[in-house]
Number of protein chains: 2
Amino acid sequence: MSQRSSTRLLVPPLPHTLSPAQQDRRQRIITASLALLRHQDHTQIQMRDVAIEAEVAIGTVYRYFQSKDHLFAEALALWARDLRRSVERRPLRGATNASRLSDVLQRSMRAFQAWPQLAKVVMMLEASDDTFAREIFTRNSAANLAVYAEALRDLPADVVVEVVRVAAAVFDLQLRRWAVGVQSIAEAYDRIERASRLILEFSDAGAATPAGVATPAGAAKTAGAAKTAGAAKATGPARNGRKPTGGSDARTS
Amino acid sequence: MSQRSSTRLLVPPLPHTLSPAQQDRRQRIITASLALLRHQDHTQIQMRDVAIEAEVAIGTVYRYFQSKDHLFAEALALWARDLRRSVERRPLRGATNASRLSDVLQRSMRAFQAWPQLAKVVMMLEASDDTFAREIFTRNSAANLAVYAEALRDLPADVVVEVVRVAAAVFDLQLRRWAVGVQSIAEAYDRIERASRLILEFSDAGAATPAGVATPAGAAKTAGAAKTAGAAKATGPARNGRKPTGGSDARTS
DNA sequence: GAGGAGATGAGAACGTGATCTAGTATTGTG
DNA sequence: CACAATACTAGATCACGTTCTCATCTCCTC
């Protein structure tokens, strides 16, 4: 949390309980934060900046959002919802589970590549203590798992669950390493492909996988694949209208 | 970083360039932060508290450490170095790569279980912008990879690299989910075991692995394994004196 | 021993997330 | 329409990481 121990008694209202004018005001604040995020990291955006951009008082920002973390969690969620529509227009590529999994992960990575400031927001939210921010972030993460699962076919449900968990872990780590500058975006793509193959090696053994785990030629091919992966991070509801898996995780906290 | 844009010209000196009195003072600050971390989260520890505990002025704390993040990165590193000695006294358990990998990961998890505040420190450091903190944290992460690699036998070097990267990603995610309360410690152990088996399924197919990927009995066994895993997170130099793998990653930033 | 350079101490000051205050505007109810 | 309740505004204030200031101490050199 922040510098002043929390004594505020009024919690942010649930969005659906707001009047139309309030919903508009709340949304304006979120879009203002995204607009500012286009030009600078969240660490450089002050809440007073957001208030000015949204044309509300600073107290109004805190009326709707518990904290800066909470606000940026909603901003990330808004971005993710918008991106769902675009990713639904592009079917996953690949003849094997590994290649399709790699494809969806690399699309997600590519979306962040286009807006690196959001990667830093993810980092922040992963470490956030704010319970409102955490809820929103957890829902997003669960939606990610559902989308990753759609890349997998002909596997038992329990195996799918495990695979997408490992895949999500890999993605998080690669995103982080890129976001903090420890590795290049090309390396991130490469590692995603390699890990996808490793994780699903048992399931794709019978498929026509031309490259092994660690061939230099494979690395070059990966860079090419990254170029052709055009969609964004798929974080929305499953395409069949299924509930996001893991959604109950957020409810237990 | 923090509330005041950084204008300080004097960077923290490298520890080995300090006089004996200064090294003692610096170390006192680090141990003071660890002592305070025994009773509260790092978010509740103020730098003035650390200064008082270490019996130095607040300016002296900032003489040796760039930021609060930097200080707690060194505190974590000190803890990790101490724990190397204890993990070196216990050979890894298991007849297969998956079981040995699971063992070392679960030992690491157990060390955090004994001191949960440190898990929150890891979360913070993963998102930290402070370059000094980042360097120390990156070195630690690289040392982790080296230790995980020692659990793997009879695998090509490039496969080992890939496996330990995925394993580290899984560990990070499980640690985080437990630290923020999204899952229990038992679940974290369980997921570590499952992921280890999944990742290494291709290599352990010929070994005598009695449990499948998702048996309830396996889950119960995992809890037992956690009880017997007594050592801490092995983060130090490789036992054979080998250089930590991935160490060059930190040098490139 | 004297003097200078560097380090440390004590505490003030700065900056930004977050909370509070007093006045004004809007909405809901009788 | 009048009044009460609620919401918003503008800006002051608080808290803690961080930086700065001035006085004092320690160490080194001549």
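Owing to the predicted nature of the structure, the values given are computational and were not obtained by experimental measurement. Numbers restart at 1 for each chain; the letters A, B, ... are given by sequence-line order, proteins then strands.
- Side-chain contact of A/Gln183 with A/Gln174: a donor-acceptor pair under 3.5 Å is present, judged by distance alone.
- Note: CG (A/Asp24) to P (D/dC8) measures 12 Å, nearest angstrom.
- For A/Gln22 and D/dC8, the shortest distance from a side-chain N or O to OP1 or OP2 is below 4.0 Å.
- Remark: A/Phe65 pairs with A/His70 by the ring-ring contact (aromatic ring centres under 6.0 Å, His included) rule, at least two apart or across chains.
- Among pairs with a residue in residues 31-49 of chain B, those fulfilling salt bridge (Lys or Arg N to Asp or Glu O under 4.0 Å) read B/Asp41-B/Lys120, at least two apart in sequence or across chains.
- Taking OG of A/Ser33 as the reference point, atom CZ of A/Phe72 lies at 5.0 Å (rounded to 0.5 Å).
- Contacts of A/Ala119 classified as side chain to side chain contact (heavy atoms under 4.5 Å, CB included), with partners at least two apart in sequence or in another chain: A/Phe112, A/Leu175, A/Trp178, A/Ala179.
- Every residue two or more places apart in sequence or in another chain that forms a salt bridge (charged side-chain N to carboxylate O under 4.0 Å, His left out) with A/Arg28 is listed here: A/Asp24.
- For the pair B/Asp129 CG and D/dG17 C1', the computed distance is 15 Å after rounding to whole Å.
- Going from atom CD of A/Gln46 over to atom C1' of C/dC14 covers 12 Å, rounded to whole Å.
- Counting non-hydrogen atoms of neighbouring residues, nucleotides and ligands closer than 6.0 angstrom, the CD atom of B/Gln44 exceeds 12 such neighbours.
- Taking the salt bridge (charged side-chain N to carboxylate O under 4.0 Å, His left out) definition, one finds that A/Arg176 meets it with A/Glu126, B/Glu126, B/Asp172, sequence neighbours left out.
- Remark: A/Glu53 pairs with no residue by the salt bridge (charged side-chain N to carboxylate O under 4.0 Å, His left out) rule, at least two apart or across chains.
- The interatomic distance linking B/Asp130 (CG) with D/dT19 (P) rounds to 10 Å, in whole Å.
- Counting only heavy atoms from C-beta on, B/Ala57 has its side chain closest to C/dA10 among C/dA10, D/dG17, C/dT16.
- What separates OH of A/Tyr64 from P of C/dG17 is a distance of 21 Å, to the nearest Å.
- Taking only side-chain atoms of A/Lys68, from C-beta outward, the nucleotide of C/dG9, D/dT18, C/dG17 with the closest atom is C/dG17.
- A/Leu14 meets the side chain to side chain contact (heavy atoms under 4.5 Å, CB included) test with A/His16, A/Thr17; sequence neighbours excluded.
- Under 4.0 angstrom from either OP1 or OP2 of D/dT19 there lies no side-chain N or O belonging to B/Tyr62.
- Computed from coordinates, the B/Met47 CE to D/dT18 P distance equals 6 Å when rounded to whole Å.
- DNA chain D lies under 4.0 Å from at least one heavy atom of each of the following residues of residues 25-42 of chain A: A/Arg25.
- Scored by the side chain to side chain contact (heavy atoms under 4.5 Å, CB included) test, A/Ala169 finds B/Ala169, B/Val170, B/Leu173 as partners (sequence neighbours excluded).
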Which atom pairs link the protein and nucleotides 26-30 of chain C when you take only N or O atoms and keep those under 3.5 Å?
none

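- Counting non-hydrogen atoms under 4.0 angstrom, A/Ile45 reaches the backbone sugars and phosphates but no base.
- The side chain to side chain contact (heavy atoms under 4.5 Å, CB included) search around B/Leu18 returns B/Pro13, B/Gln22, B/Gln23, B/Arg26, B/Tyr64, not counting sequence neighbours.
- B/Leu10 has its CG atom 10 Å from the P atom of C/dT8, to the nearest Å.
- Residue B/Ile52 is classed as having no contact, given no heavy-atom separation below 4.0 Å to the nucleic acid.
- Put simply, A/Arg63 has a side-chain N or O that comes within less than 4.0 Å of OP1 or OP2 on D/dC8.
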Could you pull out the protein-nucleic contacts involving nucleotides 20-24 of chain D (nitrogen or oxygen on both sides, under 3.5 Å)?
residue: D/dC20; atom: OP1; partner: B/Thr7; partner atom: OG1; Å: 2.9

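- Residue B/Glu55 is the one, among B/Arg48 and B/Glu55, whose nearest nucleotide of DNA chain C lies closer to the 5' end (criterion: closest heavy atom).
- Contact annotation for A/Phe65: no contact, since no heavy-atom pair falls under 4.0 Å across all strands.
- The phosphate of D/dT9 has OP1 or OP2 within less than 4.0 Å of a side-chain N or O from A/Thr60.
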